There are 2 protein chains.
Amino acid sequence: MSTAEETAGGEPQPWGEVSPDAARRLLVAAVEAFAERGYHATTTRDIAGRAGMSPAALYIHYKTKEELLHRISRIGHEKALDVLRSAADSEGTPADRLAEAVRSFVRWHAGQHTVARVVQYELDALGPDARAEIVALRRQNDAAVRGIIEDGVAAGDFDVPDVKGTTVAVLSLCIDVARWFNVNGPRTPDEVGALYADLVLRMVGATQ
Amino acid sequence: MSTAEETAGGEPQPWGEVSPDAARRLLVAAVEAFAERGYHATTTRDIAGRAGMSPAALYIHYKTKEELLHRISRIGHEKALDVLRSAADSEGTPADRLAEAVRSFVRWHAGQHTVARVVQYELDALGPDARAEIVALRRQNDAAVRGIIEDGVAAGDFDVPDVKGTTVAVLSLCIDVARWFNVNGPRTPDEVGALYADLVLRMVGATQ
DNA sequence: GCCGAGGGTGAGCGAGCGCTTAGAGTGCCC
DNA sequence: GGGCACTCTAAGCGCTCGCTCACCCTCGGC
């Protein structure tokens with residue numbers, strides 16, 4: 001029914017580029033396990049078991065458990081940044097672009113909330129070099145959102161007294177969706193995205 | 001509801017009721033360690049060391065490492081709930097009450113961001129019974145905020161198409177402050193509180 | 001001076017951790 | 001068929017974890 005690239009919700013699975021197959025299965029298993037129990041509470045035996053392999057098999061494809069987290073974090077951040085940027089760079093008024101950015105970014109964090117949780121909340125488990133690389137990706141998120149808001153202010157479409165602070169708040173609001181979103185809850189990722197796009201337009205005082 | 005002891009920053013220290021002294025020192029040490037490295041990455045040797053004691057001393061005052069986390073979570077949630085409720089129950093228009101609730105709740109999450117991080121992000125490390133107790137406290141947060149928003153809608157002061165969704169978003173925004181707030185950053189807890197109070201009033205469409 | 005109680009320690013137990021190693025199974029090229 | 005490269009496993013190493021235990025120190029009551 002669905003291809004390897006698509007879930008039922010229509011969100012792209014970010015692991016298409018990972019090969020060989022065994023390495024991808026280990027990565028997917030690690031995402032599940034890290035999201036459920038946290039990086040430090042997850043054992044390499046658990047990851048290998050979920051992937052249907054022996055504990056030693058993990059070390060054929062990854063040097064350490066931390067390398068798994070690093071790979072997940074980098075790919076996850078890049079995919080989320082892609083989603084955000086393609087909305088930020090689209091045609092339309094600043095309000096259109098901001099609404100679309102929030103809608104798609106939130107949809108990603110809700111639909112891919114397992115990946116997002118790992119990516120957002122396990123950063124401190126990475127070593128200094130890997131962490132620095134991820135932090136740089138995050139700053140690009142910030143720049144993308146701030147750019148739209150600045151455009152809106154310059155065009156006179158937004159009323160934002162504190163652009164930097166509002167940027168932080170908007171991103172924080174979107175990212176935290178990964179923490180509370182529940183697949184069995186009453187809302188679909190699309191619905192949360194629509195709600196949040198409206199709330200954010202209010203936050204920036206967009207002229208209706 | 002305690003009229004608590006105050007630090008220089010004006011935020012109440014939540015641990016006044018914990019005694020004897022050694023038990024309180026261990027609790028404070030555990031909060032620092034859990035906030036820095038996470039529950040699972042923190043060792044009992046580290047906690048005891050920060051409190052200036054031997055590893056075995058921890059077990060005179062607490063049955064397990066998890067009991068420490070449970071105590072921290074319960075006290076932390078109760079203090080945050082106190083802060084939120086005293087604003088929610090105050091006199092004034094719904095807009096005044098909502099602004100004050102957000103301002104003080106955000107101030108708490110920024111000023112006490114070590115406690116708040118532990119309380120918000122280590123919930124899954126608790127066993128089922130302890131977790132259920134904490135989840136019940138969280139629902140009271142939700143009820144307090146939703147109450148103010150409903151009052152505002154009933155009074156015609158707010159324009160909120162989706163009360164439940166907006167409540168979740170407001171609380172999420174406030175709580176996530178604990179994740180990104182940095183003591184060495186450019187903003188004080190008071191400033192973030194003021195910014196967020198304004199943003200939330202916009203989110204609910206408060207008549208200015 | 002002696003006692004009991006309670007807070008504290010040094011040493012260490014059993015368990016489970018991340019990771020390694022020796023070797024087996026499998027497919028491919030000659 | 002034989003050699004090689006690659007993938008994977010069974011077994012287990014060295015280590016650190018949460019936690020325990022036997023014992024010690026301090027102090028108030030008599």
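The sequence lines fix the lettering, A, B, ..., with proteins before strands; numbering per chain opens at 1. Below, each value reflects all heavy atoms present in this structure, side chains not excepted, and no hydrogens, waters or symmetry copies. Worth saying up front: this structure is predicted, and the values here are computed from it rather than measured.
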Main-chain N/O of B:A88 paired to B:R97 side chain as donor or acceptor, under 3.5 Å: yes
Length of the line joining A:M53:CE and D:dT9:C1', which is rounded to integer Å: 10 Å
Checking D:dC8, C:dC19, D:dT20 against the side chain of B:Y59 (C-beta onward), the nearest is D:dT20
Nearest to the side chain of A:T44 - D:dT7, D:dG18, C:dG18? C:dG18
In whole angstroms, the gap separating P of C:dT26 from CD1 of A:I60 amounts to 15 Å
Is it true that a side-chain atom of A:S90 and a backbone atom of A:A87 form a donor plus acceptor pair closer than 3.5 Å? yes
Pick out which of B:R71, B:K63, B:K65 makes a side-chain hydrogen bond (donor to acceptor under 3.5 Å, both in side chains) with B:E67. B:R71
Send over the distance from B:L58 CG to C:dT9 C1', rounded to a whole Å. 14 Å
I'd like to know if A:R45 reaches the base of C:dG18 with its side chain such that a donor and an acceptor end up less than 3.5 angstrom apart. yes
Atom OH of B:Y62 to atom P of D:dG18: distance rounded to whole Å? 16 Å
Could you give the CG-to-C1' distance, from A:D46 to C:dC19, as a whole number of Å? 16 Å
Got A:I175 and B:R179 here, is their nearest side-chain heavy-atom distance under 4.5 Å? yes
Closest to the A:T43 side chain, choosing from C:dC19, D:dC19, C:dG18: C:dG18
Side-chain touch A:R25/A:D21, heavy atoms, less than 4.5 angstrom: yes
Roughly how many Å is it from NE2 in B:H61 to P in D:dC19, rounded to a whole number? 16 Å
Gap between atoms CG and P, on A:L68 and C:dG18 respectively (whole Å): 11 Å
Can a side chain N or O of A:H40 be found less than 4.0 Å away from OP1 or OP2 on C:dC17? no
Starting the side chain at C-beta, find the nucleotide from C:dG8, D:dG12, D:dC19 nearest to B:K65. D:dC19
What's the closest nucleotide to the A:A56 side chain, out of D:dC19, C:dG18, C:dT20? C:dT20
